[in-house]
Every structure is written in C-alpha cells, then in structure tokens.
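Working notes, beginning with the structure itself.
What you see below is based on every heavy atom in this structure, not just the backbone, and it leaves out hydrogens, waters and symmetry mates. Residue numbers begin at 1 in each chain, while the letters A, B, ... track the order of the sequences. These numbers were taken from a predicted model, which means no experiment stands behind them.
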2 protein chains.
Amino acid sequence: MSIQLDVEKPITNADRTFYQLRNDIVEGAILAGSKLSETELSTKYEVSRAVIREGINRLTACHLVERKANVGAKVVSLTPEGLIQLYQVREALEGMAARLAARHMNDEEIVSLQGLLDSHFNTVKDAQLYYQEAGDVDFHYRIVTGSKNSHLISVLIDGLYHLVRMYRVQLGMAGPRVSTAFDEHRHIVNAIANRDEELAEMLMRRHILYSKNNIENKLSPTPT
Amino acid sequence: MSIQLDVEKPITNADRTFYQLRNDIVEGAILAGSKLSETELSTKYEVSRAVIREGINRLTACHLVERKANVGAKVVSLTPEGLIQLYQVREALEGMAARLAARHMNDEEIVSLQGLLDSHFNTVKDAQLYYQEAGDVDFHYRIVTGSKNSHLISVLIDGLYHLVRMYRVQLGMAGPRVSTAFDEHRHIVNAIANRDEELAEMLMRRHILYSKNNIENKLSPTPT
DNA sequence: AAGGCCTAAATTGTCGACAATAGAGTTTAT
DNA sequence: ATAAACTCTATTGTCGACAATTTAGGCCTT
C-alpha cells in the first residue's frame with residue numbers, strides 16, 4: 001500500500017520554496033534555533049526576497065519559525081517542554097478527531113482503514129520499523145481527515161504534524177512501542193467501526209498520552 | 001474592571017494593516033464571502049500591494065480568508081456547518097486548556113479570576129448584556145492563557161477566537177443564556193481552584209457544548 | 001576603566017514596475 | 001448552432017531598488 005502524505009503540489013514559485021524550506025527545517029538541514037537571513041536564503045534558493053518572505057510567513061503560521069518585527073526570523077528551538085505542550089494539543093485535537101471520525105466516516109472509509117491496519121500487521125511481523133513509522137503517520141492522517149472537520153484537518157495536517165515530524169526526525173524517535181502501538185490502533189479502529197464516539201476519543205487520547213510518556217522517558221529521567 | 005483583549009500593538013505598517021483588515025472582516029465592513037482585490041485594498045488602505053499581500057497571508061493563517069494560487073483571496077463564508085465545526089474544535093482545545101489551567105495557574109491568578117467573576121456578577125445583576133459578552137471573552141481568554149501552553153494559546157487567541165467573534169458579530173449573537181453561562185463559569189473556576197483537572201475539562205467542554213446547542217437552535221430548527 | 005553616545009554596516013520593511021497566469025468575450029471551423 | 005481556439009484584459013506572482021530600523025563597534029566623557 002502506497003504511502004504519500006505530501007500530495008500538495010506546488011503551483012507557484014512561492015509554494016515550491018515554502019515546501020523546500022519546510023522540509024529543510026524539519027529534516028534539520030537548516031538547524032533548529034538558527035537565524036533565517038532573507039538575503040542569504042534568497043541566493044541559496046535562487047528566488048527573490050519576496051518569495052522567501054512569503055515562505056517565512058507561512059512557516060511562522062505553522063509554528064516552525066518565529067518572527068520578530070525589524071529583527072528577523074529564526075527556526076524554533078526543540079525543547080522537552082515544547083514537545084510536551086505539542087502532545088497535549090495533539091491529545092485534545094486528535095481525541096476529538098477520533099470522536100468525529102466515529103460519527104462521520106462512511107463504511108467504505110472504515111473498511112479501507114481496516115485494510116491499512118492489516119497491511120501494517122504484515123510489516124510489523126517483518127519488523128520493518130521504518131514503514132511502521134510511516135504507517136503510524138498514515139493512520140493518524142486518516143483519522144483526522146475522517147473527522148470531516150476542516151479546522152481540525154488544517155490545524156493538524158498543515159500545522160502541528162510538521163512540528164511533530166521535526167521532533168521525531170531530529171530527536172531520533174523510531175523507538176520500540178511498535179507492536180503495542182499497533183494494538184492501540186486496532187482498538188481505535190474497532191471503536192470507530194462500532195460508532196462508539198466516546199470510546200474512540202478516549203482510546204485515541206490514551207494512545208497519544210502513552211506515546212508522549214514514552215518519548216519523555218527517552219529524553220529525561222524525570223518527567224513532568 | 002477594564003476589558004482589553006487587543007493589547008497587540010502594531011510595530012510595522014504591515015502589522016497595522018493586518019489588524020485593520022482583520023477587524024474590518026470580523027465586524028463585517030468587508031463582507032463575508034467577498035473577494036479581496038489586492039490593488040483595490042492597497043489604494044483603500046494607502047499602502048503598497050506587498051503590505052496587503054502580507055496581511056492577506058496572515059489572515060489566511062487564522063482562517064479568516066481563503067487563498068487560491070493565481071486566482072486570489074476571498075473572505076470566508078459563514079455557514080451553520082462551519083460554526084458547528086468551529087465549536088467542536090473549541091470544545092477540544094478549551095477543554096484541554098481548562099485541564100491545564102487547573103494544573104498550572106498559580107494561586108494569585110486564580111484569585112484574580114475569581115475577582116473577575118465577582119465583577120461579572122454585578123454586571124449580570126444590572127443586566128448589562130454587552131459587558132457580559134465582553135466578560136465572557138475575557139473569562140475564556142484567562143483560562144486559555146492560564147494553561148501556559150503556547151500552542152494552545154496561539155491557536156485559540158491568534159486564530160480561532162477572531163473567527164468566533166466574526167460569527168457572533170455578524171450573526172448577532174448576544175442572546176440569553178447570560179445568567180446560566182455565569183453559573184457555568186463559576187463552576188469551572190471552582191474546579192480549577194480545587195485543582196480538579198478532570199472536572200475542569202469536563203465542565204468547560206459542556207459549557208461550550210451548551211453554547212453551541214444554543215446557537216444552533218437560533219440558526220436552524222433542525223440541529224445536526 | 002566603565003558607561004553612554006555616535007557612527008556605520010547590515011538587515012528588514014516598503015515600494016513601484018514588470019512578467020505570468022486565469023477568465024471572459026470573440027472569433028472560427030465543423 | 002455548438003464547441004473549440006484565440007485574443008485581450010484584469011489580477012496575481014515576482015523582482016530589484018530604496019527607505020527605515022536594528023545592532024555592533026569605536027569614540028568620547030567622567
């Protein structure tokens with residue numbers, strides 16, 4: 001089963017530059033916490049300062065950079081507190097997404113989602129961690145879109161998920177928790193298939209909470 | 001007690017223009033659903049197109065306008081479905097905000113919040129609906145900032161709240177529910193003062209859910 | 001020597017002009 | 001008559017230059 005989350009195709013030059021910038025920041029090619037010089041970037045990406053500025057503004061909107069008037073922009077710094085706060089927001093939003101998915105996903109979408117889990121099961125058996133990681137992203141992606149709530153979708157997919165990916169990539173999350181996370185996914189899908197909104201939300205919130213605790217333990221011995 | 005939620009001061013011309021645009025959209029001076037012509041706005045606000053473009057981009061980030069490449073931007077349309085989806089996101093985020101506020105607000109902040117409610121009680125007695133409306137905004141504002149979660153704060157205050165205000169202003173929400181909402185506020189503050197995270201979240205979610213139902217009934221006789 | 005002030009360099013903010021694209025209206029061919 | 005292709009116009013996308021602001025460094029004063 002194919003995995004592609006970045007189906008957003010660049011129309012204009014500003015689009016393309018924004019995607020490149022975002023990717024370079026998420027992947028760490030542009031270091032976290034570093035300053036973003038407009039002139040420097042404009043020569044590096046071979047576009048005018050105007051498109052760089054638009055890119056930086058868009059990056060500010062998804063919380064990947066911070067901008068200060070008359071001073072400049074810099075890439076956000078990755079901190080344990082920031083990661084915790086990020087997961088708290090995820091817990092709230094994705095919990096609601098699971099609730100709404102249980103209400104609004106049609107039968108066809110649910111069957112497809114179950115099929116996705118089946119294919120994950122095979123990769124888990126073969127212990128292909130990378131695909132599991134991508135599969136996890138794909139799973140959450142489907143729940144969110146399944147909520148049919150445009151605000152939820154845009155805030156998570158256009159916004160927070162890129163920051164989540166940035167933490168994962170740069171702090172080297174791949175981790176265990178693969179098989180247990182798979183079971184949690186299965187339970188969530190079951191709740192959605194049963195149209196049990198309450199349970200779907202609760203299971204999703206716990207799933208994210210566990211994930212947060214798992215990451216916290218990896219980062220520091222004393223969780224908050 | 002003074003009420004000021006827009007303490008954000010414009011530094012640059014782009015800031016000032018963005019605030020003006022945002023206000024004109026929220027207040028309805030620029031009609032919902034109407035197209036935003038860059039050249040037209042640039043003459044109207046007496047700034048260059050670059051400034052207008054930055055403003056439009058920022059408005060896109062807080063979901064007040066929608067932009068399509070090579071076509072242009074238009075103000076979002078207000079629909080019952082959009083309002084419902086907005087309140088669903090509010091329920092999730094502000095519920096979490098109340099939970100975190102119960103965890104992170106210090107005693108001084110809680111006392112101040114209780115004082116705010118006391119002053120509301122007087123205005124409610126005098127039936128000054130306008131101040132109650134502003135007071136409601138102030139109340140929610142404090143809970144959100146009390147969460148000490150920067151993502152939560154920015155998504156709600158810089159983003160969704162302006163859209164909420166737009167719905168309230170343009171669909172003429174002032175409504176009854178004043179005194180009952182006041183009681184709900186009181187219960188929420190009590191839960192926070194008792195450091196009861198679970199209850200604070202639940203009460204806040206119900207508070208927003210009631211508010212949503214109240215608005216739905218005003219809009220259409222058949223709620224979703 | 002420490003502190004403040006002034007100057008200069010670099011960076012961001014703003015602007016007007018030009019290029020590229022989309023949409024409407026007109027023409028033309030079947 | 002209809003549909004496709006073309007032209008033209010209005011709007012957005014992109015660019016380089018100029019203005020305003022910040023910041024760092026040296027200089028002067030106490």
Checking all strands, does I11(B) fall into the base, sugar-phosphate, or nothing category for heavy-atom contacts under 4.0 angstrom?
-> nothing
Expected list for residues 59-72 of chain B near DNA chain D, using heavy atoms below 4.0 Å, is R67(B), A69(B), N70(B), V71(B), G72(B)
Looking at R22(A) and D158(A), does any basic side-chain N land under 4.0 Å from a carboxylate oxygen?
-> no
First and last nucleotide of DNA chain D in contact with chain A, 5' to 3', at under 4.0 Å to a heavy atom: what are they?
-> dG13(D) to dT23(D)
Apply salt bridge (charged side-chain N to carboxylate O under 4.0 Å, His left out) to E27(B) and list each qualifying residue two or more places apart in sequence or on a separate chain.
-> R165(B)
Partner set under side-chain contact (heavy atoms from CB on, under 4.5 Å) for I153(B), not counting sequence neighbours | V144(B), S147(B), I157(B)
Sub-4.0 Å heavy-atom contacts from residues 51-58 of chain A onto DNA chain D, ordered by number = V51(A)
So, H185(B) versus H207(B), ring centres under 6.0 angstrom or not?
-> yes
Starting at the 5' end of DNA chain D, which residue's closest nucleotide do you reach first, A50(B) or S37(B)?
-> S37(B)
Does the pair E91(A)/K212(A) count as a salt bridge with the N-to-O cut at 4.0 Å?
-> no
Who are the salt bridge (charged side-chain N to carboxylate O under 4.0 Å, His left out) partners of E109(A), not counting sequence neighbours?
-> K148(A)
Do D24(A) and Y45(A) have side-chain N/O donor and acceptor atoms under 3.5 Å apart?
-> yes
Any side-chain donor-acceptor pair under 3.5 Å between S150(B) and Q85(A)?
-> yes
Looking at E40(B) and K44(B), does any basic side-chain N land under 4.0 Å from a carboxylate oxygen?
-> no
Do the charged groups of E94(A) and R205(A) touch, with an N to O distance under 4.0 Å?
-> no
